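Reviewing the structure listed below.
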Amino acid sequence: MIRRLIFLSIAAAAALLAGCSSGSQTVDVDVIGKPESAFEQGQSLTLAGQLVRSATAEGLVAFDEQGRVIPAMADRWIVTDDGLSYIFRLRDSTWPGGAELSGESVKVALDRAIKGLAGTPFGQDLAPVEEVRAMAGRVVEIRLSHAAPDLLDMLAQPELGLLRKDVGTGTLQLKREGPMALLTPVEPARRGLPEETGWKDRTLALRLHALPAAAAIQRFEEGKAAIVLGGGLADYPMALDASGLARRALRIDPVSGLFGLAVVRADGLLGTAELREALAMAIDRDSMARDLAIREWVPTSRVVAPGAAASIGERWLGMDIARRRAESSSRIAQWKARGGKPVTLRLALPTGPGTDFLFTRLLGDFAAIGVNVTRVAERAQADLRLVDAVARYPGVNWYFNQLSCQAARGLCSPDADRAAAQAAQTGDAAQRAALLADAERKLTAANVFIPLGSPVRWSLVSEPGYGFATNARGLHPLSPMALRPK
């Protein structure tokens with residue numbers, strides 16, 4: 001088996017280097033997801049759709065391969081001292097078809113994009129945007145109701161790639177060839193930019209396939225794909241096996257976000273915050289981390305990640321797993337003594353060997369306190385449901401918006417929502433911080449979400465990497481991959 005894996009790794013590298021030699025003009029990129037998801041429309045996009053949107057439709061700003069915010073439609077910007085106004089100067093360019101890239105046309109496109117996100121957690125993230133104004137010539141101002149330090153991170157998101165007559169100003173253009181998305185670079189002159197000497201010699205076309213994980217990994221092993229994107233915990237063991245001893249092919253992003261169980265129902269064993277906390281206390285996260293053996297995976301009992309200015313530290317400090325389970329068992333026993341009927345909780349998980357591992361661990365953790373669980377399909381009716389989402393920006397509001405009553409993931413805390421809303425309305429920084437801390441305390445105390453750790457995001461990348469870099473966002477834009485390695 002090991003000999004076969006070594007052979008496949010060498011064969012894949014050789015095939016890639018041959019296919020991407022100086023005479024080649026294409027690179028194959030596979031994205032784990034539903035077939036044809038690269039052609040999604042609208043504002044609710046899976047990863048493949050996000051990658052295509054950001055490549056074909058620029059926003060005011062964008063992300064580079066390192067996850068840094070860079071100029072896009074706007075070539076520069078300033079932020080007023082009070083943080084309530086962002087003023088962008090657009091590049092001297094045109095929309096596809098030749099219409100001027102004016103402040104007014106960008107305002108219309110941005111208003112439309114933001115309106116399309118209404119009712120979603122990302123729409124809540126953008127709530128501070130009070131008005132988009134077209135100023136003289138190629139200038140756009142975004143006015144905020146309160147300071148939003150993460151606004152540039154939001155504006156660089158794929159869903160805010162701007163369209164005019166359903167066409168964007170992206171660096172790549174899309175052509176559908178059956179289930180495959182062919183993305184070819186757009187000449188600078190067609191984007192209203194100065195011509196670049198030797199541009200054709202420095203660019204590549206991308207063939208993008210959205211595939212199930214097993215198929216994408218197999219294509220990588222066979223040298224048919226240079227890069228595989230979009231892996232998560234569910235399929236991580238398959239990637240680990242496929243990379244064999246050539247571990248340099250496996251890349252893991254150091255992301256933050258939500259990875260845990262949303263409580264869907266509020267009755268029976270899940271009827272009180274104390275009982276829900278009993279379940280959370282029983283999970284041996286440290287043991288789970290040791291068995292996963294993913295350096296980038298950070299086990300946590302916090303709802304809000306430490307890097308998001310969380311005010312609450314790890315919970316139950318000073319209690320080892322034995323003491324925590326003793327307390328949990330006591331609460332469950334008291335509930336049963338009051339007439340609580342034994343119940344088997346339904347846990348909804350996606351399919352995959354990684355989630356098989358997760359279910360086995362949770363099955364044992366809950367059994368240790370006398371609670372039975374059964375596994376159901378990802379979309380089936382359930383009592384607990386896995387949430388696996390990477391934070392779009394590091395601010396604490398992302399976590400509140402993901403778990404808000406409006407987001408409707410499951411149970412929520414109206415008290416936490418009110419405290420977060422009050423924080424948004426105050427202009428005093430100290431008072432805002434105190435209200436956000438209060439919102440976090442209330443959300444944590446409600447125990448409507450059982451955190452496990454950070455999300456897992458992995459990729460497979462052959463050498464050379466073609467504009468790929470691991471980053472804390474877990475997003476890997478396609479445009480840098482369409483440039484030949486120097």
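All of these numbers come straight from a predicted model, not from anything done at the bench.
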Got a list of side-chain donor-acceptor pairs under 3.5 Å for residues 45-52, not counting sequence neighbours?
residue: Thr46; atom: OG1; partner: Glu40; partner atom: OE1; Å: 3.0
residue: Thr46; atom: OG1; partner: Glu40; partner atom: OE2; Å: 2.9
residue: Gln50; atom: NE2; partner: Glu159; partner atom: OE2; Å: 3.0

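Heavy atoms only, all atoms of each residue included: Asn471 and Ala469 are closest at ND2-O, 3.3 Å. The minimum heavy-atom distance linking Val29 with Met481 is given by the pair CG2-SD, 4.2 Å. Summarising the geometry of Leu162 relative to Trp95, their closest heavy-atom pair is O-CZ3, 3.9 Å, with the distance given to 0.1 Å. Scanning all heavy atoms of the two residues, the minimum distance from Val390 to Pro455 falls at CG2-CB, 4.2 Å. When all heavy atoms are compared, the tightest approach of Pro185 to Leu204 is CG-O, 3.2 Å. Closest approach of Ala424 and His146 over heavy atoms only: O-ND1, 2.9 Å.
Leu182 places a side-chain heavy atom less than 4.5 Å from the side chain of Arg207. Between Val228 and Trp458 the shortest side-chain heavy-atom distance falls below 4.5 Å. Within the 4.5 Å cutoff, no side-chain heavy atoms of Ile70 are placed close to those of Phe63. A 4.5 Å side-chain heavy-atom check between Leu358 and Leu386 finds at least one atom pair inside the cut-off. Between Leu60 and Tyr86 the shortest side-chain heavy-atom distance does not fall below 4.5 Å. For the pair Leu362/Val373, no side-chain contact is recorded, criterion being any heavy-atom separation below 4.5 Å from C-beta on. Taking the side chain as every heavy atom from C-beta outward, Leu384 and Val263 approach each other to under 4.5 Å. The shortest distance between side-chain heavy atoms of Phe400 and Leu443 falls below 4.5 Å.
We find the OG-CG distance between Ser454 and Leu258 to be 11.0 Å, quoted to the nearest 0.5 Å. In this structure, CG in Asp64 is found 11.0 Å from OG in Ser479, a value given to the nearest 0.5 Å. Separating the CZ atom in Phe366 from the OG1 atom in Thr344 is a distance of 13.0 Å, to the nearest 0.5 Å. Separation of atoms NE2 (His209) and CG (Asp28) is listed at 4.5 Å; rounding is to 0.5 Å. Atom CG of Leu117 and atom CG of Leu160 lie 6.0 Å apart (nearest 0.5 Å). Going from atom CG of Leu363 over to atom CG of Leu345 covers 11.5 Å, rounded to the nearest 0.5 Å.
Both tests pass for Arg176 against the ring of Phe39: distance under 6.0 Å to the centre and angle within 45° of the axis.
Using a 4.0 Å cut-off between a side-chain N of Lys or Arg and a carboxylate O of Asp or Glu, Arg361 and Asp291 qualify as a salt bridge. Salt bridge status for Arg375 with Asp356: present, with a side-chain N to carboxylate O gap under 4.0 Å. Taking the charged nitrogens against the carboxylate oxygens, Asp388 and Arg457 do have a contact shorter than 4.0 Å, which makes a salt bridge. For the pair Arg473 and Asp153, the salt-bridge criterion is met [side-chain N within less than 4.0 Å of a carboxylate O].
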Practice problem: Check step by step if side-chain contact (heavy atoms from CB on, under 4.5 Å) holds for Tyr399 and Ser256. | Solution: CA-CA 10 Å; Tyr399 295 84; Ser256 298; 3.8 Å; yes

Self-check item: Leu403 vs Val448, side-chain contact (heavy atoms from CB on, under 4.5 Å): CA-CA, chis, key distance, verdict
Solution: CA-CA 8 Å; Leu403 299 174; Val448 295; 5.6 Å; no

Exercise. Decide yes or no on side-chain contact (heavy atoms from CB on, under 4.5 Å) for Leu475 and Gln157, but give the supporting numbers first.
Key: CA-CA 10 Å; Leu475 269 179; Gln157 297 296 326; 4.1 Å; yes

Exercise. Would you check, one step at a time, whether the test side-chain contact (heavy atoms from CB on, under 4.5 Å) holds for His476 with Asp253?
Key: CA-CA 10 Å; His476 302 287; Asp253 291 307; 2.8 Å; yes

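Side-chain N or O atoms of Arg385 include one that pairs as donor or acceptor with a backbone N or O of Ala380 at under 3.5 Å. Side chain of Thr300 to main chain of Arg302: a donor-acceptor pair is present (N/O by atom type, distance under 3.5 Å, no hydrogens or angles). Proximity of a side-chain donor or acceptor of Arg133 to a complementary backbone N or O of Arg143 within less than 3.5 Å is not detected. Distance alone, capped at 3.5 Å, is enough to place a donor-acceptor pair between the Arg285 side chain and the Pro451 backbone. Ser93 places no side-chain N or O within donor-acceptor distance of the main-chain N or O of Leu101, the cut-off being under 3.5 Å. Looking at Arg190, its side chain never comes within 3.5 Å of a backbone N or O of Pro96 through a donor-acceptor pair.
Screening residues 111-123 for side chain to side chain donor-acceptor pair (under 3.5 Å), with sequence neighbours left out, gives Lys107-Asp111.
Heavy atoms of other residues, nucleotides or ligands lying less than 6.0 angstrom from CD of Glu195 number 12 at most. Within 6.0 Å of the CD atom in Gln381, the count of heavy atoms belonging to other residues, nucleotides or ligands does not exceed 12.
Using the six-membered ring where Trp is involved, Phe88 and Trp77 have ring planes that are tilted, between 30° and 60° apart.
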